[in-house]
Amino acid sequence: MTPRRSIRRRGDPSGGNDHFASESAPSWPDHIPPLLRRVYMARGISDPELATPRLAQLPPPDGLLDIQAATELLADAIGDGRRILVVGDFDADGATACAVAVRGLRMLGARNVVHAVPNRQVHGYGLSPALVEEVAALQPDLLLTVDHGIACHAGVAAARQRGWQVVVTDHHLPGEQLPDAHAIVNPNRSGDAFPAKALAGVGVVFYVLLALRALLRGRGAFAGQAPDLATLVDLVAVGTVADLVPLDATNRALVAAGLRRLRAGRGSAGLQALIDVSGRDAGTLSAADIGYAVAPRLNAAGRLDDMALGIECLLCDTPGQAQELARTLDRINAERRQVQATMVEEAETAVAQCAIDSGDGEAPVAYCLHDPQWHPGVVGLVASKLKERTHRPVIAFAPAEPGSTLLRGSARSIPGFHMRDALAAVDVSHPGLIERFGGHAMAAGLSLPAPSLERFEQAFCAQVAASLDESLLQSLVHSDGELDPVEFDRHHAEALRDGGPWGQAFPEPVFDGEFDVVDWQRVGERHLRMRLQVPGRRQPLKAIHFGGWLDQPPASRLRLAFRLATDDWRGARDIQLVVEHLEPA
């Protein structure tokens with residue numbers, strides 16, 4: 001199941017494609033060490049202002065289609081005191097988007113704002129007719145979707161039939177037909193001139209609030225200074241990182257501002273509590289900490305329980321209550337990890353059987369995995385894990401609910417293969433096979449009847465085989481080159497840590513080199529800890545390879561791809577190498 005993997009040095013930069021403009025390229029400030037400048041240059045950035053963009057550089061919202069119509073509808077609703085219903089989604093992006101919308105609308109003067117979120121087990125994804133029927137008891141005048149809606153034709157129609165105004169804010173790729181909403185704000189709409197196409201759902205609704213504030217200011221709605229919406233960027237940062245959208249300049253500016261707020265202890269009570277229960281240090285919080293510790297605890301509510309609990313935590317302003325909610329989310333997350341471990345083990349067995357069934361031991365170009373006992377809220381994590389381990393597109397399916405004949409699938413892709421486009425191609429060539437689908441290049445979701453699974457698997461794998469370049473099936477670890485012996489120190493480790501935020505399309509720096517293994521030990525069931533001799537350095541360095549234990553000792557000399565990281569365990573101010581890949585030298 002282990003894919004072919006090799007280390008490749010990053011090539012010379014050909015220039016960045018970020019949409020921030022700079023009239024000149026000033027010299028780098030002294031506090032940015034040459035190593036970090038080299039890393040930025042390898043990512044196409046030669047201007048220090050583009051390396052660490054600020055909120056003041058954000059592109060204005062004017063280019064967003066329907067932004068005027070959406071903000072006028074919201075402004076009129078606020079002015080008339082009408083009820084606004086914010087409908088979120090059951091992942092971290094949808095939850096933070098809901099919290100940003102509710103908090104932001106109230107800051108801008110809305111006196112009658114309520115919110116709702118679909119339950120994965122009951123309503124399925126997005127604004128469905130069933131959810132519309134349930135929230136009708138709230139008697140909204142205007143319904144605002146966040147992080148969904150672009151594919152919710154039936155739900156939007158059901159809401160309009162009740163006489164509600166509907167404003168959709170979303171970032172998922174639209175289909176050929178748009179829902180019949182009063183306004184749709186989505187930077188990925190055809191003809192939309194807004195340059196930042198990678199916004200997460202929380203980023204889109206944040207932009208709607210920025211435009212709404214400008215409109216209300218023009219109407220004279222604020223007696224004094226307009227509300228400071230920058231107080232919401234902690235939530236924007238968490239949702240953006242959690243949704244794994246590319247960290248272009250706009251998203252880096254939003255995430256960096258949110259991290260600064262969280263590090264200063266000025267984040268919302270709910271996020272501060274989630275940081276605490278995850279065992280992370282808020283003062284040095286990174287995007288990786290959000291992705292690996294904070295977001296999973298928030299996501300756990302939507303996976304196994306009800307994301308209403310997660311949104312309640314994000315909207316809570318009382319520290320004690322926020323701590324209680326965060327501890328509940330932490331317990332749910334622990335349960336999620338147990339469920340996930342069992343499902344991943346079963347999925348690995350199924351993948352191994354695929355190689356046996358092929359007769360030649362060759363792995364297929366893609367995997368469609370299904371088990372009637374799997375939990376629909378965890379299949380996305382299973383698909384992600386198996387995609388990482390096989391370096392193949394993976395779709396994992398589970399019954400929409402126990403005993404249901406409707407399957408919900410979660411798809412994950414590899415770089416270079418557009419998952420949503422592949423599903424769209426299958427939908428065109430096999431009409432009616434897929435009940436509904438949506439998503440992005442790297443991740444998508446779909447539903448189909450259980451009896452159609454075998455036909456879908458054949459059609460999907462045929463589509464992958466026809467459109468996927470086989471060279472993409474080799475996993476590459478991209479390296480920023482070797483480190484000089486003097487760069488293996490705390491100063492450079494901190495500069496790399498704080499030089500981000502790092503994430504999708506703006507990867508965390510990885511280096512390579514050859515090292516002698518001084519000693520090693522197995523840690524837990526799968527991890528490998530080593531001490532390595534660095535050429536030109538007297539003391540050996542600690543290294544950890546998570547998931548790197550392969551039932552045999554490492555070679556005495558290794559070539560590694562690694563991250564240079566700070567190590568503050570038990571108050572130590574040390575450094576260590578976090579190994580991404582190893583092979584005999």
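Keep in mind the model is a prediction, meaning the values are calculated, not measured.
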Testing the 3.5 Å rule here: is there a donor-acceptor pair between the side chains of S410 and R412? yes
To the nearest 0.5 Å, tell me how far F437 CZ sits from S447 OG. 10.5 Å
Does any pair with a residue in residues 172-217 pass ring pair (Phe, Tyr, Trp, His ring centres under 6.0 Å), and if so which ones, sequence neighbours excluded? H172-H440, F194-Y207
Check whether the side chains of Q340 and R303 place a donor and an acceptor atom closer than 3.5 Å, and report yes or no. no
With sequence neighbours excluded, tell me which residues meet salt bridge (Lys or Arg N to Asp or Glu O under 4.0 Å) with R327. E324
For residues 228-245, please give each side-chain donor-acceptor pair under 3.5 Å, one per line with the distance, not counting sequence neighbours.
{"unit_1": "D228", "atom_1": "OD1", "unit_2": "A230", "atom_2": "N", "d": "3.1"}
{"unit_1": "T231", "atom_1": "OG1", "unit_2": "D228", "atom_2": "O", "d": "2.9"}
{"unit_1": "D234", "atom_1": "OD2", "unit_2": "S268", "atom_2": "N", "d": "2.7"}
{"unit_1": "T240", "atom_1": "OG1", "unit_2": "V236", "atom_2": "O", "d": "2.7"}
{"unit_1": "D243", "atom_1": "OD2", "unit_2": "H171", "atom_2": "NE2", "d": "3.3"}

N-O pairing of R563 and D480 below 4.0 Å: no
Taking NZ, NE, NH1 and NH2 as the nitrogens, is one of them in D289 or R263 under 4.0 Å from a carboxylate oxygen of the other? no
Set of side-chain hydrogen bond (donor to acceptor under 3.5 Å, both in side chains) partners for E72, sequence neighbours left out: Q68
Rounded distance (nearest 0.5 Å) linking atom CG of L65 with atom CD1 of I184: 10.0 Å
Supply the atom-to-atom distance N251 CG to D248 CG, rounded to the nearest 0.5 angstrom. 4.5 Å
With sequence neighbours left out, write down each residue that passes side-chain hydrogen bond (donor to acceptor under 3.5 Å, both in side chains) with D180, or none if nothing qualifies. R160
Would you please name every residue forming a side-chain hydrogen bond (donor to acceptor under 3.5 Å, both in side chains) with H148, sequence neighbours left out? none
